[in-house]
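Working notes for the structure below.
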Amino acid sequence: METYTLRSRAETRETVRYRIDYRGELNEAQHDAATTLQGPVLVIAGAGSGKTRTLVYRVARLVESGVNPAQVLLLTFTRKAAEEMLRRAAILVGASCEHVSGGTFHSFANSVLRRHGRPIGLSPGFTILDRGDSEDVVNLLRSRAGLDKKERRFPRKGAILELFSMAVNRSTSVPELVETTYGHLADHLEDLLRLEQEYRTYKRERSLADYDDLLVLLRDVLRDSRDVAEQLSRTYRYIMVDEYQDTNRLQAEIVRTLAATHDNVMAVGDDSQSIYSFRGANFRNIMDFEKMFPGTRLVKLEENYRSTKPILELANAIIDRAPEKYTKVLRARSTGDGKPMLVQCGDERAQSRFIAQRILELREEGVSLDEVAVLFRSSYHSFDLELELQKRDIPFVKRGGFKFIETAHIKDVLAHLRVVANPRDAVSWHRILLLLDGLGPKTATEIFNHLAPAADLAGAVELLRATPRRGAYTKELARLADVLDEVASDNVPVADKVAAVVGFYVPMMRHLHPEDHPKREKDLEHFLTIAARYRTLGTLLSDMALEPPTDSVGDVLAAGDEQEGLLTLSTIHSAKGLEWEAVFVIWLVDGRFPSYHNLHDTEEMEEERRLLYVSVTRAKRHLHLSYPIDVYDRTTGMVLGKPSRFLEGLPGHILSETQVVEEGGLDQ
DNA sequence: CTTCTCCCTGTTTTT
DNA sequence: CAGGGAGAAG
């Protein structure tokens with residue numbers, strides 16, 4: 001049944017004259033969502049249904065209605081998404097939109113905790129641990145507890161951390177998780193629990209917070225400090241949460257508390273695009289929103305403006321076969337008849353050559369490189385293609401996978417800066433001390449213990465100069481102290497601080513990596529230009545942990561001089577929310593996509609299906625799905641060659657099948 | 001103690 | 001195919 005809305009009194013009383021023609025610019029459902037300003041609203045927004053547009057107009061509507069932009073909070077999946085929306089809103093109603101607070105849950109938690117962490121005992125200078133840092137800590141505690149020397153193999157740092165993190169993000173406990181899903185760890189449960197406690201203490205004592213802690217601590221401060229909770233709830237009177245299907249219970253709790261005094265929350269999401277369950281998200285959470293906020297107004301956006309009809313038909317066919325009922329269907333508004341193509345390739349090389357050749361053809365047809373994307377399930381799936389693109393001088397950026405910021409040399413430089421920001425950061429001290437020649441883990445720990453009693457950085461540096469242990473590294477230690485002094489001094493710009501560290505570090509790096517230091521030096525140069533954009537060391541460091549530059553290693557070199565636009569290579573996860581004229585999805589082989597890890601569990605298999613749905617719905621006009629046959633997979637010992645099970649038995653009018661052959665015949 | 005080398009294991013997605 | 005553990009040499 002259709003709904004007809006009686007306007008609330010608060011809205012009718014104010015006879016605001018709007019400059020924007022909301023009715024003309026938005027369809028019925030979008031208009032409904034953008035102009036309902038009071039109370040809880042849940043927007044189920046299908047792919048390409050103008051979700052971003054709706055949010056942008058809602059921000060504009062709020063501002064036009066006289067709401068102070070500083071009272072609006074826009075939580076999105078990446079900071080870039082938030083910035084883009086606010087930029088567009090600013091074009092509509094003016095620059096004041098830039099005062100809207102926007103970003104990810106984690107970055108919001110970070111900024112709240114820097115200001116209001118005291119009541120729960122968190123110092124404002126705390127350091128954020130990224131995944132690698134957290135693993136370093138767990139490893140340290142693991143070997144300190146002698147767990148590495150056990151008769152029975154103890155789980156690796158990565159597995160341990162995954163367990164701890166999953167417990168937090170699913171709002172459950174380690175014992176329960178071990179019982180339900182990590183049965184193979186049952187024998188180690190006691191040790192794991194002790195380790196978890198030690199990990200917690202270690203972080204607390206040294207003012208460290210990992211990603212999960214940011215959410216947990218924000219929840220805690222909202223729960224335990226009435227003052228803070230009330231102040232924040234009064235500050236942020238209008239809350240919008242994008243990509244709600246990928247939030248978890250902890251995040252939902254946070255939203256619930258933030259909105260406690262007013263219930264003005266709009267959640268936007270799409271249950272069929274939920275692809276982050278490995279991070280504790282559950283697509284059913286989106287349905288719980290109505291339970292959490294009684295009286296929720298439900299709006300569905302089902303008109304798709306992005307893709308041609310045949311592409312949508314394929315998308316609908318894929319998701320139709322999901323055993324669980326979904327909440328909406330997509331109707332095409334875009335004309336055009338580019339039919340999706342399923343392309344069989346002889347092997348991986350042929351697939352890469354096909355993609356490269358087809359991209360160049362499209363370019364001749366007027367589709368420029370920056371309107372094309374190649375998507376894949378796992379980051380390494382594009383390695384061979386990257387070589388082919390390089391060979392043909394096709395410039396690209398790669399999103400997702402290993403990041404520039406995660407390379408050892410960048411982390412080394414960052415560690416120097418982090419020690420200055422938080423002198424109790426043992427992980428970073430350890431890291432920079434180990435760089436010195438002739439200084440190993442034992443001495444590093446000794447020196448850190450010697451430093452630890454210092455009240456601040458100045459004290460620590462003084463103790464560093466007076467280190468009792470002497471060795472070949474004594475002189476280096478003094479130089480390190482000089483550099484740290486320089487980084488700590490108040491009237492030095494961030495760029496100069498970073499330059500000082502790089503100047504100190506590069507000679508060591510040449511010694512450490514005699515083979516490839518030129519490449520690494522280029523990365524460091526790139527990092528210098530990034531750092532120069534920051535006014536304080538603190539913001540540089542939190543940004544590098546929370547929103548690191550998304551580019552991965554390769555393109556730092558490539559991106560510099562190309563003006564023409566770049567082809568995008570991306571994991572499907574990193575392609576979320578984006579769109580291109582032409583999209584290629586590669587490696588659609590059963591075992592790769594769906595990934596063989598997830599073949600046995602229905603929940604996981606369904607997430608793979610949604611992953612394909614997300615990839616397909618990124619395309620506007622051209623869609624190619626490709627798979628190589630005859631692939632030997634070393635890890636499983638299997639020969640892969642069957643197309644993805646999600647594509648099996650689709651009628652020919654939905655998907656046209658093509659086989660790639662060599663010029664001159666079927667044989668290679 | 002530190003550093004080098006050799007062998008084994010286990011491979012997704014991200015804040 | 002690297003990351004890490006074990007063992008040997010400096």
Side-chain angles (χ1 to χ4, degrees), chain A residues 75-81 103-110 128-136 139 142-143 147-150 153-159 161-162 165-166 168-169 209-216 218 243 246-248 250-251 274-281 375-381 383 399-403 405-406 408 433-446 469 471-473 511-512 542-548 550 552 570-576 587 591-599 604 607-608 610-611 614-615 633-636:
Chain A
L75 293 169
T76 54
F77 216 65
T78 62
R79 186 183 50 185
K80 248 180 153 171
T104 62
F105 272 91
H106 290 88
S107 65
F108 176 66
N110 174 52
I128 301 168
L129 302 179
D130 67 19
R131 180 60 190 245
D133 302 328
S134 309
E135 286 183 352
D136 288 347
N139 219 22
R142 183 177 179 269
S143 49
L147 295 167
D148 50 346
K149 304 220 162 44
K150 279 231 158 166
R153 291 189 59 86
F154 197 74
R156 294 276 192 78
K157 57 184 184 182
L161 212 61
E162 190 187 303
S165 177
M166 195 56 100
V168 172
N169 285 294
D210 65 20
Y211 291 135
D212 302 331
D213 292 330
L214 291 174
L215 300 181
V216 170
L218 175 58
E243 309 283 8
D246 286 323
T247 58
N248 57 39
L250 198 47
Q251 290 166 317
S274 161
I275 53 175
Y276 277 86
S277 69
F278 67 90
R279 217 165 85 181
L375 308 182
F376 31 86
R377 171 72 246 256
S378 314
S379 169
Y380 71 95
H381 290 169
F383 288 167
R399 309 171 49 112
F402 196 69
K403 289 183 198 74
I405 208 77
E406 286 160 5
L433 290 171
L434 280 180
L435 287 170
L436 305 180
D437 211 16
L439 203 162
K442 205 84 181 192
T443 319
T445 309
E446 233 171 86
R469 275 202 60 101
Y473 48 78
H511 176 69
L512 237 55
S542 1
D543 262 23
M544 287 308 120
L546 293 173
E547 310 257 354
T550 48
S552 55
S570 175
T571 59
I572 296 160
H573 286 89
S574 305
K576 179 163 140 146
W587 274 112
R592 286 276 169 105
F593 192 178
S595 159
Y596 57 83
H597 296 115
N598 301 335
L599 291 181
E604 287 174 340
E607 179 142 317
E608 298 279 312
R610 293 191 294 271
L611 224 27
V614 169
S615 357
D633 190 300
R634 269 197 315 282
T635 49
T636 54

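Letters A, B, ... are given to chains in the order of the sequence lines, protein chains preceding strands, and every chain is numbered from 1.
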Test ring-ring contact (aromatic ring centres under 6.0 Å, His included) applied to Phe105(A) - qualifying residues, sequence neighbours left out: none
Asn598(A) near the nucleic acid: base, sugar-phosphate alone, or nothing, with a heavy-atom cut-off under 4.0 Å? base
For Leu546(A) and for Asp437(A), find the nucleotide of DNA chain B with the closest heavy atom, then tell me which residue's nucleotide is more 5'. Asp437(A)
What is the distance, rounded to the nearest whole Å, between atom CG of Leu250(A) and atom P of dT15(B)? 17 Å
What nucleotide, of dG4(C), dT2(B), dT13(B), holds the atom closest to the side chain of Arg156(A)? dG4(C)
Where does the angle between the aromatic ring planes of Trp587(A) and His381(A) fall among parallel (under 30°), tilted (30 to 60°) and perpendicular (over 60°)? tilted
Distance, rounded to the nearest Å, where Leu375(A) contributes CG and dT13(B) contributes P: 14 Å
Side chain of Thr104(A) only, please: which of dT15(B), dT14(B), dT11(B) is the nearest? dT15(B)
When you measure from the side chain of Arg279(A), which nucleotide among dG4(C), dC1(B), dT14(B) comes out closest? dT14(B)
Between dT13(B) and Arg377(A), counting only base atoms on the nucleotide and side-chain atoms on the residue, is there a donor-acceptor pair under 3.5 Å? yes
Base, sugar-phosphate, or nothing for Lys576(A), non-hydrogen atoms under 4.0 angstrom? nothing
So what does Ser379(A) touch, heavy atoms closer than 4.0 Å: a base, only the sugar-phosphate, or nothing? sugar-phosphate
Quick one: ring-ring contact (aromatic ring centres under 6.0 Å, His included) partners of Phe376(A), sequence neighbours excluded? none
Thr443(A) side-chain proximity, nearest of dC1(B), dT14(B), dG4(C): dC1(B)
Any salt bridge linking Arg131(A) with Glu406(A)? Criterion: basic side-chain nitrogen under 4.0 Å from a carboxylate oxygen. no
Choosing from dT15(B), dT11(B), dG4(C), which nucleotide comes nearest the side chain of His106(A)? dT15(B)
Could you tell me whether Phe105(A) contacts a base, only the sugar-phosphate backbone, or nothing, with contacts defined as non-hydrogen atoms closer than 4.0 Å? nothing
Output the rounded distance in Å from CD (Glu446(A)) to P (dT2(B)). 9 Å
Categorize Leu611(A) for me: base, sugar-phosphate, or nothing, with a 4.0 angstrom heavy-atom threshold over every strand shown. nothing
Under 5.5 Å and under 30°: Phe278(A) stacked on dT13(B): yes
Taking for Ser574(A) and for Gly438(A) the nucleotide of DNA chain B with the nearest heavy atom, the one nearer the 5' end belongs to Gly438(A)
Testing dG4(C), dC1(B), dT3(B) for proximity to the side chain of Lys157(A), the answer is dG4(C)
Name the nucleic acid region contacted by Arg610(A), choosing base, sugar-phosphate or nothing; use a 4.0 angstrom heavy-atom cut-off, strictly under. nothing
